[in-house]
Amino acid sequence: MTTPQLDKTYDPKAVESRWYRVWIEQGYFRASIDHPGEPYCIVIPPPNVTGSLHVGHALNHSLQDILIRWRRMQGRNTLWLPGTDHAGIATQNVVEKQLITEGLSRDALGRERFVERVWQWKATSGNTIVNQQKQLGESCDWDRLRFTMDEGLSKAVLEVFVRLHDEGLIYRGERLINWCPRCLTALSDIEVEHEDVKGKLYTIEYPLENDPGTKLTIATTRPETMLGDTAVAVHPEDDRFKHLIGKRVSLPLTNRTIPIVGDAILVDREFGTGAVKITPAHDFNDYEAGERHQLPRLPIFDHQALLDPAGMAKAGVEPNIATPLEHLPVQKARLKIEQALKDRGLLMKVEDHKMAVGKCYRCKTVVEPYLSPQWFVRIQPLADPAIKAVEEGRIRIIPEGWVNNYLGWMRDIKDWCISRQIWWGHQIPAWYCLTCNDRQILSVGNRTTVLQGAKPIVSKSDPAQCPICGGRQFLRDPDVLDTWFSSALWPFSTLGWPDRTPELKTYYPTSTLVTGLDILFFWVARMIMMGLKFMGDVPFRDVYIHALVRDAEGQKMSKSKGNVIDPLHVMEQFGTDALRFTLASMASPGRDIKLAEERIEGYRNFANKIWNAARFALMYLNGPRAALPPAQRAFPDRWILSRLNHTIRAVTSELESYRFDRAATVLYQFIWHEYCDWYLELIKPVLQDSAHPDGPSARQSLAETLETTMRLLHPFMPFITEEIWQTLPHRGDSIVVQDYPVVDSAWSSPDTEQQFMLLEHTVGLVRTGRVLLNVAPGQRIPFYVGHDDQTRHRQLHQLQHHLAHLSRGTAEVKPSNDWPSGKLLRLVTEGLSVGIGVTGDVDLGKALDRLAKQIAEADKEAQRLDTKLNNAEFVAKAPPEVIAEHQERVRTLSRDRALLASSQEQLRAMLGT
RNA sequence: GGGCGGAUAGCUCAGUUGGGAGAGCGCUGCCCUUACAAGGCAGAGGUCACAGGUUCGAUCCCUGUUCCGCCUACCA
């Protein structure tokens, strides 16, 4: 038999694309409802269709692939369902920017042609991220790739919208909503990011209508909104002001007077002046206060957040004030208002003030509360079951710490604004009869607005006839749905819902959702609500929430900071397996990942180490192999089988609890520091002697353990493990579809492990001695070993030839008091003694320093233990086994110390000091 | 303002029934020893943030403080 030869260093590029192609060709990732195993399904958090893979995706996807590959190998009926979402606002923004560079605009193009352009863009760039995912080795069932705007998923959206509307859970109404004046659309509450900024607090005087000499002083951070004030509020129990309630003030800069109202909710007596202006059209609190006091709402900004002439006219703003303000943005208007108030002596003071402003999560523009008719989901009835599902443990959130976060948000949830004033997305299935809604449909330029009070016909298909007037002319609601509305249906819409498909029956509820914290509310919470509502069951059993990836300094990665780590570049440079292993090993719960390239390089080295272990194995695997029962194998084989068994148990249980970091650490330690450092070294003498009687069993153990280790590692490092596995003796076509290793009690051998620890300590001591005495690495030396404990001493005899081999010398096992008295460096630890001959002209400085240090440490430790043992309370109250252990340690220490001291004296004697 | 998490070796982080403090990277010294210099061997380095409390005994449990993150919120 000829053995395949491997190159000296591992070259990821040479193997990755090759194996991925094979895996796809063989259909290993394809799921089938006929598979006999218990289903295990993950739906991918769909990335933006026009995006590209960033390191956050790489983490998220690596973890999912580890789970899926692991479960597939365990024989489960696995489905990892991939897909992308249409990312309404973001994608529309991208295409609009393209149009600008062509001198076009979406308005110039018109809705239909614009949407066509977006589809074109999706067609050209939509595969980018999918190809990058393949590069990462993701074992998705690509035949089932879904997109939120697919026909099937769109059907699901229609179905859900219409059913929720019919049940009264979707309604249209005019409310104050978050409005992005740049994207020109409504946003939901959670699409607004709050950011602390340094602002100013303006104190302004409003004169009383019937007593202009008396003034009510208010404080505001947004003086420009005063033009739309419709009341001033004071606390009803505030003795300073309560007599003013019911009176009116003249609103400066306008011809209006507005009432003073008492409002205990809005007003905090301690803050500012104790009096607050109320602008219901431009502030959420004021909007609610306005409801309480039946105040009019006077918007003074237009949809671009510019001062609106018509609005100002309606608000009675003095013409000489209004004219210069027309079409000014908020910031500029503020300066003019400030000046006007100053001119009239009404501006008392301006102070620095810390405040939070809301920004659009897509474009970072400051959002404005804006009064407009929108569609909402009445969320409370959906939230209640979603709260219960988590409370009752039907859904587990991991790590648990996020449960309260989830519950807190769900219990305080607000109605969800789902309409967006953009064109890319699922258009709302609502139509307005042109006859019946004549007065509610308003066209200004190319903007069509359907006013509050219009009567929509909600239906899965175009209505033929108005049920009220019989009219046949309709306007379809121009708005589209929030992208997250379709994402919320993802776990069942991707499986064929609303049709009752066998896939749905097999894979729903899905098993695990892997996601970042940033979309817990955007996505996870909404999937839970929709899943419970429409499937009558939770969408997934486990939600695993992983950390955010930051740069080495802990900064959030962003293109503008230039600190992004590009996963594609990393894969190119260090290999995909290295990247995947790095991310897995750093995925500790509840902590952000600070990623530095050196870490990835370290795991590239790990891959190379594995590669070379395989090269070593292949070099010696020629020749007959014999599979003896584990107990009859040689010491190194018994030991590595026992350790491998332990590693299988640990990796499996860590994966079961989503501790990817610990699973990775366990694998790393085993492969590098047990398998390579010790096992391969231990078996070299047997392998290198082709006539050795233990050869057949050693070769069998070597092949068997390496092959098993590759299977154990495969979910983490799919490419290198496949490449190596193929060169080893194996059964089957691909590691992808082999069984995951399971614990085998016949492999477990605690006695052998004990013995190995003795070997490890002894070899360590000899090697230390060699360094202390400056013995050349290649030089073979004679040395003595002995142990105070009889059993250990006997074991040293059994280990003799291993000791000699690993210590590069000849070992004589003999009680230490039988050793020659002079010219010997003795090193001692825990009853174990090693003696190395000292030749005349060696520098003993290092050795003496070491002995002195050991003695000092022994003294210190002995003193610490003595103190404890002399404490009557310790002796009286500590468990007997703890006391016994302490006493034993004191005895060992004192023996060790005595031996070290005598060695010290002997060396000193040699030096003649 | 509220909530949550973190503070352990130079750096990044493990450490689950409280009883001798760990890994990776980096650093120092010696080695191109026929799997691997992307390597081997040996080694240095830590009042486990601070102050109290519980306990015979605390990195671990409790309280408070400081600093740093994140989430959330209507303080004009």
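In the text below, chain A, chain B and the rest are named by the order of the sequence lines, each starting its count at 1. Predicted model only: the values in this text are computed from it and were never measured.
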Pair assignment for rG18(B), Watson-Crick or G-U wobble, requiring both distances under 3.5 Å: none
I'd like to know if Lys13(A) pairs up with Asp11(A) as an ion pair, taking the criterion as any Lys NZ or Arg NE/NH1/NH2 lying under 4.0 Å from an Asp or Glu carboxylate oxygen. no
Assess the residue pair Glu291(A) and Arg297(A) against the criterion (salt bridge (charged side-chain N to carboxylate O under 4.0 Å, His left out)); give the C-alpha distance rounded to whole Å, side-chain angles, the decisive distance to 0.1 Å, and a yes or no. CA-CA 10 Å; Glu291(A) 298 267 272; Arg297(A) 302 194 273 255; 3.2 Å; yes
Leu201(A) vs Tyr10(A), nearer the 5' end of RNA chain B by closest nucleotide: Tyr10(A)
Measure from the side chain of Asp283(A), starting at C-beta and using heavy atoms only, and say which of rA76(B), rA14(B), rG19(B) lies closest. rA76(B)
Across every strand shown, the nucleotide meeting Watson-Crick or G-U wobble geometry with rA23(B) (both distances under 3.5 Å) is rU12(B)
Could you check, using the six-membered ring where one of them is a Trp, whether Phe660(A) and Tyr544(A) have ring centers closer than 6.0 angstrom? yes
Any side-chain heavy atom of Arg222(A) within less than 4.5 Å of one from Arg334(A)? yes
Does Asp592(A) reach a base, just sugar-phosphate, or nothing at all? Heavy atoms under 4.0 Å. sugar-phosphate
Paired with rU59(B): which nucleotide, if any, by Watson-Crick or G-U wobble criteria at under 3.5 Å for both distances? none
Tell me which nucleotide among rG43(B), rG19(B), rC70(B) gets nearest to the side chain of Pro879(A). rG19(B)
Below 4.0 Å: OP1/OP2 of rG43(B) and any side-chain N or O of Arg850(A): yes
Of the nucleotides rA73(B), rA76(B), rG45(B), which one has an atom closest to the side chain of Asp196(A)? rA73(B)
If you go through the side-chain atoms of Arg604(A), does one of them form a donor-acceptor pair with the base of rA38(B) closer than 3.5 Å? yes
Pairwise P distance, rG69(B) and rC32(B) [rounded to whole Å]: 49 Å
Under 6.0 Å between ring centres, would you say that holds for Trp402(A) and Tyr406(A)? no
Where does the angle between the aromatic ring planes of Phe271(A) and His353(A) fall among parallel (under 30°), tilted (30 to 60°) and perpendicular (over 60°)? perpendicular
Verify the distance criterion only: is there a donor paired with an acceptor across the side chains of Glu193(A) and Tyr361(A) at less than 3.5 Å? no
Once you apply a heavy-atom cut-off of 4.0 Å, does Arg269(A) come out as touching a base, just sugar-phosphate, or nothing? nothing
Categorize Asn871(A) for me: base, sugar-phosphate, or nothing, with a 4.0 angstrom heavy-atom threshold over every strand shown. sugar-phosphate
Quick one: do Lys414(A) and Asp189(A) satisfy salt bridge (charged side-chain N to carboxylate O under 4.0 Å, His left out)? Show the steps, please. CA-CA 8 Å; Lys414(A) 309 266 181 356; Asp189(A) 293 344; 5.7 Å; no
Scan Gly274(A) against the nucleic acid and name what it touches under 4.0 Å (heavy atoms): base, sugar-phosphate only, or nothing. base
Just call it for Phe284(A): base, sugar-phosphate, or nothing, with non-hydrogen atoms closer than 4.0 Å on any strand. nothing
Rounded to the nearest 0.5 Å, the CD1 atom of Ile610(A) sits from the CZ atom of Phe581(A) at a distance of 7.0 Å
For Asp268(A), answer base if it contacts any base atom (sugar-phosphate contacts may also be present), sugar-phosphate if it contacts only those atoms, and nothing otherwise; contact means non-hydrogen atoms under 4.0 Å. base
Check this one for me: any side-chain N or O of Asn605(A) less than 4.0 Å away from OP1 or OP2 of rC36(B)? no
Using a cut-off of less than 4.0 Å, is there contact between a side-chain N or O of Lys609(A) and OP1 or OP2 of rG40(B)? yes
Distance check, P atoms only: rG10(B) and rC71(B), in whole angstrom units. 30 Å
Below 4.0 angstrom from OP1 or OP2 of rA76(B), is there any side-chain N or O of Thr221(A)? no
Find every protein N or O atom lying less than 3.5 Å from an N or O atom of nucleotides 21-27 of chain B, and list the pairs.
| from | atom 1 | to | atom 2 | distance (Å) |
| --- | --- | --- | --- | --- |
| rA23(B) | O3' | Gln669(A) | NE2 | 3.3 |
| rA23(B) | O2' | Gln669(A) | NE2 | 3.1 |
| rG24(B) | OP1 | His673(A) | NE2 | 3.0 |

For rA42(B), the Watson-Crick or wobble counterpart (both distances under 3.5 Å): rU28(B)
Contact class for Tyr620(A) (heavy atom, under 4.0 Å): base, sugar-phosphate, or nothing? sugar-phosphate
Base partner of rU47(B), which must satisfy Watson-Crick or wobble distances under 3.5 Å: none
So does His886(A) get a side-chain nitrogen or oxygen closer than 4.0 Å to the phosphate oxygens (OP1/OP2) of rG20(B)? no
Tell me what Leu266(A) touches on the nucleic acid: a base, only sugar-phosphate, or nothing, going by heavy atoms under 4.0 Å. base
Presence of Lys684(A) side-chain N/O under 4.0 Å of rA35(B) phosphate oxygens OP1/OP2: yes
Counting side-chain heavy atoms from C-beta on, which of rA44(B), rG20(B), rA76(B) comes nearest to Arg864(A)? rG20(B)
Base, sugar-phosphate alone, or nothing: which one does Asp677(A) contact when heavy atoms must sit under 4.0 Å apart? sugar-phosphate
Of Arg767(A) and Thr273(A), the one whose closest RNA chain B nucleotide lies more 5': Arg767(A)
Would Arg897(A) and Asp859(A) pass as an ion pair if we require N to O under 4.0 Å? yes
Whole-Å gap separating C1' (rC71(B)) and CD (Glu193(A)): 12 Å
Across all strands shown, which nucleotide pairs with rA7(B) by Watson-Crick or G-U wobble geometry, both distances under 3.5 Å? rU66(B)
With the side chain of Met619(A) defined as its heavy atoms from C-beta on, choose the nearest nucleotide among rG19(B), rA35(B), rG43(B). rA35(B)
Rounded to whole Å, the CD-C1' distance (Gln573(A) to rA38(B)) equals 13 Å
Side chain of Ala356(A) - closest among rA76(B), rA73(B), rG19(B): rA73(B)
So Ala876(A), base contact, sugar-phosphate only, or nothing? Heavy-atom distance under 4.0 Å. nothing
Distance test, side-chain N/O of Lys8(A) to OP1/OP2 of rA37(B), below 4.0 Å: yes
Answer with base, sugar-phosphate or nothing: what part of the nucleic acid does Arg889(A) contact at a heavy-atom distance below 4.0 Å? base
Using the salt bridge (charged side-chain N to carboxylate O under 4.0 Å, His left out) rule, take Glu681(A) and Lys684(A) through it: C-alpha gap first, then chi angles, then the decisive distance, then the call. CA-CA 5 Å; Glu681(A) 294 303 327; Lys684(A) 271 181 184 173; 3.1 Å; yes
Hey, does Glu681(A) reach any base, or is it just sugar-phosphate, or nothing, if we go heavy atoms under 4.0 Å? base
Report which part of the nucleic acid Glu654(A) touches: base, sugar-phosphate, or nothing (heavy-atom distance under 4.0 Å, all strands). nothing
Pairing partner of rA35(B), by Watson-Crick or G-U wobble and under 3.5 Å for both distances, is none
Could you tell me whether Lys594(A) contacts a base, only the sugar-phosphate backbone, or nothing, with contacts defined as non-hydrogen atoms closer than 4.0 Å? sugar-phosphate
Check whether any side-chain N or O of Thr9(A) sits under 4.0 Å from OP1 or OP2 of rC36(B), and answer yes or no. no
